[in-house]
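Got a structure here, written out as structure tokens. Questions coming.
Read the numbers this way: they start at 1 and go in the same order the structure lists the ligands and their atoms.
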Amino acid sequence: MTIWMPTLSGYGPRYRQLADAIVDATTRGELEPGTKLPPQRRLADALGVTVGTVTRAYALAEQQGAVSARVGSGTYVRDTSVRSSTFDTIFEQPRQPDLIDLSHATPPPSPRRSQNLARALEAIAGQPAALRAGVDYQPETGQTWQVQALAGWLTRLGRPVEAENLLMDQGGMHGIHLALSALLAPGERVAAEQLTYPGLVSALSQLSLKGVAVPFDDHGIDIEALARAFEQQPFRALYVMPDCHNPTTSRLSEARREALVALARERQFWLIEDDIYPDLPGEANTPLYRLAPECTITLFSVSKLLGGGLRVGALHAPEAARPRLTAALRAQCWMPPPLMPMVVAHWIDSGDADALIAWQREELAWRFDRAMARLAAFRPRGQRGGFYLWLPLPPDLRSSHVVEQLQRRRVVVSSAESFCLGSVSAPQAIRLCISAAESREALESALDTLVDTLGDPDPLLWETL
Ligand SMILES: Cc1ncc(COP(=O)(O)O)c(C=O)c1O
């Protein structure tokens, strides 16, 4: 008789890989409720591991609620559809299975994230001191050991930082608000690329700040245009995404980084460096905070690496700016909630964070290769390992029409208009978050729809809009 054979990821201890594979298979429906898991010795022989490894894996999968052991009978897949309380049922979100939403830059979905969360919460629940810290006030800038864990991890990711320069916050968006509210007064100006992260545009409006739109090209922001803009409308800060511009994926060249830093020093404006995608492969350029630490505030966040729901990030700031940033943080929320940085520190410490991003890197590279090959005729732009592609449209197609037509075909993407700063006119292009597809199959299906739509646009739609 054949037995169920798990596919192990190859990352981390074998018992954990096996437990993850079991939870994955139950989540995907490959192992149905009531199915008996293979006898431990048979599975151990089949996988070439010890029985102890299988026993540990089954116990871990049981702790995570995927299976339950029956004395003398074996281990069975649990029926998680049997719910008992509002708390159990509240998480059953209505899904739209036929809709493929590629409009948000979310990390590729994986059950590994919830498995890591379960492990971290379990470790925290087993430590009275950690539980106490989770409900107590803590220093505004975060617990030292948590900040150190984050600093060490960022350093390993190629962003060398010292813990004392980091101020913990609640992610990239919070970091933008903190930096702008601490360093600028209402009415002052902030320059940015003329297409930019929409979160910046809403933060400027919330804080009554004015945006100055600056042209850019494949090598990043145009420094001469920036200098001219300063002459006409002096600004206090420049917000910039040097490594992977959102939405066009361009990367600021090393030469322009140096020119930018020289200009910032000469004209005395702050650089707000958004570095929330710090894990892009390829040749690394020097982060701005390394070139000009005295005038750069850099935003880090775990959202794109570990998960957006964790709401953990950090600002890297020079000493002179830290008291103002800390005061802004205190005024906004007193301190970041201690529980989530604790979870992140556990992921980092246990190796779960590294294993997850090793998987994510491979997944994103696969998605990139697939999408670039499928869309080759349309010349998409992107960085291998990045979350999104930028697709300038063929002549005669308008991005709002294409977005609408795709939506009718149940694929959601963003048009260039969503990224405009001020009144700049939007190019005819769309952003496609390949990372966000629920699965590789969903991505393939969205790519098919896109190719069909761009290759054969519905003329009626052009006429009616
Ligand atoms: C360039 C950029 N900056 C900041 C953010 C916000 O990050 P967070 O989710 O950590 O608030 C995003 C989110 O998509 C982003 O794309």
List every atom of ligand 1 that sits less than 4.0 Å from any heavy atom of G171, numbering the atoms from 1 in the order shown and giving each element.
10 (O), 11 (O)
Show which atoms of ligand 1 fall inside a sub-4.0 Å distance from at least one heavy-atom site of M241.
1 (C)
Pull out every atom of ligand 1 sitting under 4.0 Å from any heavy atom of G172, numbered as shown with elements.
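Ligand 1 atoms under the 4.0 Å threshold to G172: 7 (O), 8 (P), 10 (O), 11 (O).
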Atom 6 (C) of ligand 1: nearest protein contact (heavy atom, Å)
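Residue, atom and distance for the closest contact: Y197 OH, 3.2 Å.
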Using heavy atoms and a 4.0 Å limit, tell me yes or no: is K304 in contact with ligand 1?
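Flag set, K304 near ligand 1.
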Assess H174 for proximity to ligand 1: is some non-hydrogen atom of it under 4.0 Å away?
no
Taking the six-membered ring of F269, is the NZ or CZ of R236 close enough (under 6.0 Å from the centre) and on axis enough (within 45°)?
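Because its charged atom misses either the 6.0 Å distance or the 45° angle limit, R236 does not stack over F269.
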For Y277, state whether at least one heavy atom is located under 4.0 Å from any atom of ligand 1.
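It does, in that a heavy atom of Y277 comes within the 4.0 Å cut-off of ligand 1.
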Which residues pass the side-chain contact (heavy atoms from CB on, under 4.5 Å) test with S9, not counting sequence neighbours?
Y11, Q17, R112
Do any N/O atoms on Q170 end up under 3.5 angstrom from N/O atoms on ligand 1?
no
Going from CD1 on I276 to OG1 on T298, what distance comes out if it is rounded to the nearest 0.5 angstrom?
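If we round to the nearest 0.5 Å, I276:CD1 and T298:OG1 are 13.0 Å apart.
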Could you grab the distance from atom CZ of R267 to atom CZ of F235, nearest 0.5 Å is fine?
9.5 Å
Roughly how far apart are L263 CG and L238 CG, rounded to 0.5 Å?
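It comes to 9.0 Å.
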Distance (rounded to the nearest 0.5 Å) between I434 CD1 and L389 CG:
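I434 atom CD1 to L389 atom CG measures 4.5 Å (nearest 0.5 Å).
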R256 versus G220, closest heavy-atom pair with distance:
NH1-O, 2.7 Å
Proximal atoms of ligand 1 relative to M173 (non-hydrogen, under 4.0 Å)
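Answer for ligand 1: 6 (C), 7 (O), 8 (P), 11 (O).
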So the atoms of ligand 1 within less than 4.0 Å of a heavy atom of S301 turn out to be 10 (O)
For E294, which residues count as a salt bridge (Lys or Arg N to Asp or Glu O under 4.0 Å) partner, sequence neighbours excluded?
R265
Note the single closest protein heavy atom to atom 1 (C) of ligand 1, along with its residue, its atom name and the distance in Å.
D274 OD2, 3.4 Å
I need the nearest protein heavy-atom contact for atom 7 (O) of ligand 1: residue, atom name and distance, please.
I276 CD1, 3.4 Å
